[in-house]
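First the structure, in the form of structure tokens, and then the observations on it.
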Amino acid sequence: VQFRLQVDGKYLALQLDPYYVAPLWPDAISLAALQARALLESDGCSEREMAEVAAWLAAHKPVSPAPTVIHNDYKLDNVIYDSERFERVVGVLDWEMATVGDPLADLGTTLCYWVEADDSDALKNLGFGPTQLPGMYTRAELAERYAHETGRDLGAIVFYYALGLFKTAVVLQQIHY
């Protein structure tokens with residue numbers, strides 16, 4: 001994988017290169033299988049439940065678009081906002097999970113953090129950000145804006161959202177145990 005990034009790009013390329021594992025991306029199922037094994041080892045849920053989710057993911061796996069640099073944990077509390085224009089992001093934090101992969105997997109993870117006003121209290125209490133407040137996009141509106149800005153096809157967005165939920169559940173389970 002070669003990166004042609006400017007200024008800090010050389011630093012970013014050097015940081016990402018050791019983390020790039022060719023078989024892992026764009027095959028999102030490989031990642032899901034690793035995460036399922038980790039969750040099962042933590043006794044966080046039943047083997048049957050994990051098998052059902054893994055089977056659904058495997059049966060619905062789309063063809064991934066061209067890989068890009070992805071953050072893998074993009075959410076509101078991982079960005080720095082312009083102090084004069086709060087709607088403008090001037091920095092992105094916590095790049096330790098960054099890799100080269102499917103950009104729609106990154107969107108799916110962002111959507112799983114995006115809580116809406118009519119979501120359950122349990123989901124709202126996870127504290128991923130104020131996305132449920134009036135004036136914020138819904139998940140659907142955020143995905144539509146993403147599609148408009150990037151030109152990417154979101155025909156398989158349910159898969160990516162499910163993969164994001166699965167991945168985040170594994171991380172939360174690992175933190176809990």
Measure the shortest side-chain to side-chain distance between [X] and [Y] over non-hydrogen atoms and say whether it is less than 4.5 angstrom.
X	Y	result
L104	S64	no
T109	Y161	no
V100	I70	no
T131	L76	yes
V90	Y81	no

Side-chain donor-acceptor pair under 3.5 Å between [X] and [Y], yes or no?
X	Y	answer
K75	T110	no
D102	Y160	yes
D77	Y113	no

For the side chain of [X] and the backbone of [Y], is there at least one donor-acceptor N/O pair under 3.5 Å apart?
X	Y	value
Q132	D118	no
H71	L93	yes
H148	E144	no
N78	D73	yes

Nearest 0.5 angstrom please: [X] [atom1] to [Y] [atom2], how far?
X	Y	atom1	atom2	result
K167	C112	NZ	SG	7.0 Å
T99	N72	OG1	CG	7.0 Å
Y146	Y137	OH	OH	14.5 Å
W114	D119	CH2	CG	12.5 Å
I157	L111	CD1	CG	5.0 Å
T68	D106	OG1	CG	7.0 Å

Verify same cluster id: M97, I80 (apolar side-chain graph, 4.5 Å):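 In one cluster with M97: I80, no.
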Within one Ile-Leu-Val-Met-Phe-Trp-Tyr cluster: F86 and V89, side-chain cutoff 4.5 Å: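 Yes, F86 connects to V89 through the hydrophobic network.
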Would you say CD of E149 has more than 12 non-hydrogen atoms from neighbouring residues, nucleotides or ligands within 6.0 angstrom? yes
Is any NZ, NE, NH1 or NH2 atom of the basic residue among R145 and E141 found under 4.0 Å from an Asp or Glu carboxylate oxygen of the other?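 So R145 does not pair with E141 through a salt bridge.
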Looking at R152 and P103, what are the two nearest heavy atoms and their distance?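 For R152 and P103, the tightest heavy-atom pair comes out as NE-CG, 3.4 Å.
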